[in-house]
A.B. asks: 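Questions regarding the structure given below will be posed in turn.
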Number of protein chains: 2
Amino acid sequence: MNAGRTARERARAQLTREITEIARRQLGTEGAGGLNLRAIARELGMVSSAIYRYYPSRDELLTALIIDAYTAVGEAVERADAARDPDDHAGRWRAVCHAVRDWALAHPHEYALIYGSPVPGYQAPADTVGPAVRDTVVYGRILASAYAAGVLTPPDGFPAPPPSFAGDADAVRELMPGLPDDLVARAIAAWTGLFGFLSFELFGQFANVIDDRATLFEHQVRTLGRLVGLPAS
Amino acid sequence: MNAGRTARERARAQLTREITEIARRQLGTEGAGGLNLRAIARELGMVSSAIYRYYPSRDELLTALIIDAYTAVGEAVERADAARDPDDHAGRWRAVCHAVRDWALAHPHEYALIYGSPVPGYQAPADTVGPAVRDTVVYGRILASAYAAGVLTPPDGFPAPPPSFAGDADAVRELMPGLPDDLVARAIAAWTGLFGFLSFELFGQFANVIDDRATLFEHQVRTLGRLVGLPAS
DNA sequence: ACCGAATCGAGAGCACTGCTCTTGACATGG
DNA sequence: CCATGTCAAGAGCAGTGCTCTCGATTCGGT
């Protein structure tokens, strides 16, 4: 990000920010489908065609918002993790989970944008893969650190993954060095369990069934933490 | 559903079916956002306004498709469950999971419609709640049956749910009579873990990381089954 | 200080959407 | 056999994403 030397460059950067800002607000109230270039232009007192000087298409704008959303949840997770005692692995896991949930509840449409149905006709460009795994990187670091410290005590009674899982386990292990295949698989189960819960909660699957979702979430987080072997707490 | 006595009634039912059929195909190729009344009309050789005689609005059509999707996955789950030995509870659980996954992979857009981001501006009417829980009903029956048979042996080392969970547990227990709060919570964790995995798989979160998704899925299903206490198999 | 080049917003316009209203043709049932 | 209700068609409205052109402004090099 260059600071922008000339007046034009600064004005351009400013306007681009404003467009993204308004778009994010629109996203928050209307959802991804309600993203409306003309409404953004109206709010800016510009004509719709002028927007195209800054974002060549609606999809480009969407990509920017997707990257922003991934970055936001990634930063929230990083902050929550950093605020904890590094040796309190179970606490870090819970903090990460609650950070994701708090962010998701505060920004449901942005959560839907990145963890819900893909936008029809939209293909995520390569720029999104970096920000997309920021939260997962933190998660992997917690598990790797806990494993290295020797505090992972996964409950017995669960099946071992088949040998054919070894290849994918190697790929995932880059995020959580050292963990054996068994724990890598459990880590995936815990991670998908976290987002499965949140998707159910945010997308209305809990309606009329689960009232006290905060309580159940806290319990599920502890259960999933134990599944990967994190100490009870 | 009346068989339709008069010619007109039969023609009406037939056309309604055809519209839904074309809409479902459109949904399969374009996604929910690409649902296009005018294109449906074109394909039928009608003019767009005529569609409104059968579906008063686009949302109404969407509701029909949502109910269809819930019904389809519910029936797939019921078939898979019925094909198993009723006493093979672990096998029934696995069959249910694979039925959901097979259906989801075959109909990704319909999966997204019911388990992905809610359609913007669309509020699910009450008609959808019945079909929406058909799969969950089957799931609950399996667990209740296994618990009644005394074959549920949940692994130790997991926390107990807090007393404040009791209220919601009662609501969920209607689907799985007899299960103690602890197992109800685990059942929810397994169920959300199943759909969390599928959402990750279908919505692209596994891209470039997990290749052999079938293997990992099978393992996760067994892991989640064990979590609720179903016997290994 | 100037001037060609790059960039900007405005405006008109295209093809498309969901949806409404009216009109004339038709089948239905008393 | 005729009044009634239903039907498809057509025109039209307000809105969309996006393209193109046209003057005005600003920039960078001379």
Side-chain angles (χ1 to χ4, degrees), chain A residues 2-20 22-27 29-66 113 119-123 125, chain B residues 2-20 22-27 29-66 113 119-123 125:
Chain A
N2 203 312
R5 288 196 325 96
T6 81
R8 229 219 275 276
E9 275 170 4
R10 266 181 290 115
R12 180 178 183 81
Q14 171 66 17
L15 247 178
T16 307
R17 250 196 312 275
E18 281 184 42
I19 291 173
T20 322
I22 295 175
R24 196 192 341 269
R25 209 171 53 239
Q26 245 188 43
L27 185 74
T29 59
E30 305 286 334
L35 197 62
N36 185 328
L37 294 194
R38 292 177 116 105
I40 295 175
R42 267 194 296 275
E43 191 160 339
L44 277 165
M46 291 177 26
V47 97
S48 72
S49 58
I51 301 283
Y52 288 83
R53 299 258 177 224
Y54 301 88
Y55 284 104
S57 77
R58 190 175 170 282
D59 278 8
E60 293 293 317
L61 219 193
L62 248 172
T63 300
L65 292 177
I66 287 174
L113 192 61
V119 177
Y122 171 81
Q123 197 64 351
Chain B
N2 204 313
R5 288 196 326 97
T6 81
R8 201 186 268 189
E9 275 170 3
R10 268 181 288 113
R12 180 178 184 83
Q14 171 66 16
L15 247 180
T16 308
R17 251 195 312 275
E18 281 184 42
I19 291 174
T20 323
I22 296 175
R24 200 196 333 274
R25 211 170 51 239
Q26 245 189 43
L27 185 74
T29 60
E30 306 284 336
L35 197 63
N36 186 329
L37 295 193
R38 290 179 117 104
I40 295 174
R42 267 195 299 274
E43 190 160 338
L44 277 166
M46 294 178 22
V47 97
S48 72
S49 57
I51 301 283
Y52 289 84
R53 297 251 175 228
Y54 300 89
Y55 284 104
S57 77
R58 188 176 171 282
D59 278 8
E60 212 71 32
L61 218 193
L62 248 172
T63 299
L65 293 176
I66 287 175
L113 192 61
V119 178
Y122 171 82
Q123 198 65 348

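Only heavy atoms go into these numbers, but all of them, side chains included; no hydrogens, no water, no symmetry mates. Labels below follow one simple rule: chain letters A, B, ... track the order of the sequence lines, proteins then strands, and each chain is numbered from 1.
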A.B. asks: To the nearest angstrom, how far is A:Arg10 atom CZ from D:dC27 atom C1'?
C.D. replies: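 Rounding to the nearest Å, CZ of A:Arg10 and C1' of D:dC27 are 13 Å apart.
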
A.B. asks: Could you state the CD1-C1' distance from A:Ile40 to C:dG9, rounded to the nearest angstrom?
C.D. replies: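 So the two atoms are 17 Å apart, to the nearest Å.
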
A.B. asks: Encode nucleotides 14-23 of chain C as B, S and - characters from 5' to 3', where the letter depends on protein heavy atoms closer than 4.0 Å: B to the base, S only to sugar-phosphate, - to neither.
C.D. replies: ---BBBBB--

A.B. asks: When the distance from CG of B:Leu15 to C1' of D:dA9 is rounded to whole Å, what number comes out?
C.D. replies: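 Interatomic distance, CG of B:Leu15 to C1' of D:dA9: 14 Å.
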
A.B. asks: Measuring from A:Arg24:CZ to A:Ile19:CD1, what's the distance to the nearest 0.5 Å?
C.D. replies: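 A:Arg24 CZ to A:Ile19 CD1: 13.0 Å, rounded to 0.5 Å.
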
A.B. asks: Report which part of the nucleic acid B:Tyr54 touches: base, sugar-phosphate, or nothing (heavy-atom distance under 4.0 Å, all strands).
C.D. replies: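 Sugar-phosphate contact only.
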
A.B. asks: Using side-chain heavy atoms (C-beta onward) and a distance below 4.5 Å, is A:Leu15 in contact with A:Met46?
C.D. replies: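 Counting from C-beta outward, A:Leu15 and A:Met46 do come under 4.5 Å.
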
A.B. asks: Distance check needed: C:dG11 P versus A:Met46 CE, whole Å only.
C.D. replies: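 These atoms are roughly 12 Å apart.
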
A.B. asks: Please evaluate residues A:Ile51 and A:Leu61 with respect to the criterion side chain to side chain contact (heavy atoms under 4.5 Å, CB included), reporting the C-alpha separation (whole Å), side-chain torsions for both, the decisive distance (0.1 Å), and the verdict.
C.D. replies: CA-CA 10 Å; A:Ile51 301 283; A:Leu61 219 193; 5.5 Å; no

A.B. asks: Minimum heavy-atom separation for A:Ala23 and A:Leu35, please, with both atom names.
C.D. replies: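 Looking at all heavy atoms of both residues, the closest pair is O-CD1, 3.7 Å.
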
A.B. asks: Provide a list of protein-nucleic acid N or O atom pairs under 3.5 angstrom, restricted to nucleotides 23-25 of chain D.
C.D. replies:
none

A.B. asks: To check you understand the geometry: which heavy-atom pair defines the closest contact between A:Ala41 and A:Ser48, and what is its length?
C.D. replies: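 In this case the closest contact between A:Ala41 and A:Ser48 is CB-CA, 3.5 Å.
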
A.B. asks: On a heavy-atom basis, which atom in A:Arg12 and which in A:Arg53 lie closest, and how many Å separate them?
C.D. replies: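 Closest approach of A:Arg12 to A:Arg53: NH2-O, 2.7 Å.
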
A.B. asks: Could you give the CG-to-P distance, from A:Leu44 to C:dC8, as a whole number of Å?
C.D. replies: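 Going from CG in A:Leu44 over to P in C:dC8 covers 15 Å.
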
A.B. asks: Nearest heavy-atom pair of A:Pro56 and A:Tyr52: which atoms, and what distance?
C.D. replies: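 Looking at all heavy atoms of both residues, the closest pair is O-CD2, 3.5 Å.
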
A.B. asks: So, for A:Gln26 and A:Ala39, which heavy atoms are closest and what is the spacing to 0.1 Å?
C.D. replies: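 Heavy atoms only, the tightest pair is NE2-CB, 3.3 Å.
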
A.B. asks: Measure CD/A:Glu9 against C1'/C:dC8 and give the value in whole Å, please.
C.D. replies: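 Value for this atom pair: 14 Å.
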
A.B. asks: Without decimals, in angstroms, what is the distance between A:Gln14 CD and C:dC8 P?
C.D. replies: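 About 14 Å, once rounded to whole Å.
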
A.B. asks: Under the side chain to side chain donor-acceptor pair (under 3.5 Å) rule, what do A:Thr20 and A:Tyr55 come out as? Steps first, then yes or no, please.
C.D. replies: CA-CA 10 Å; A:Thr20 322; A:Tyr55 284 104; 2.9 Å; yes

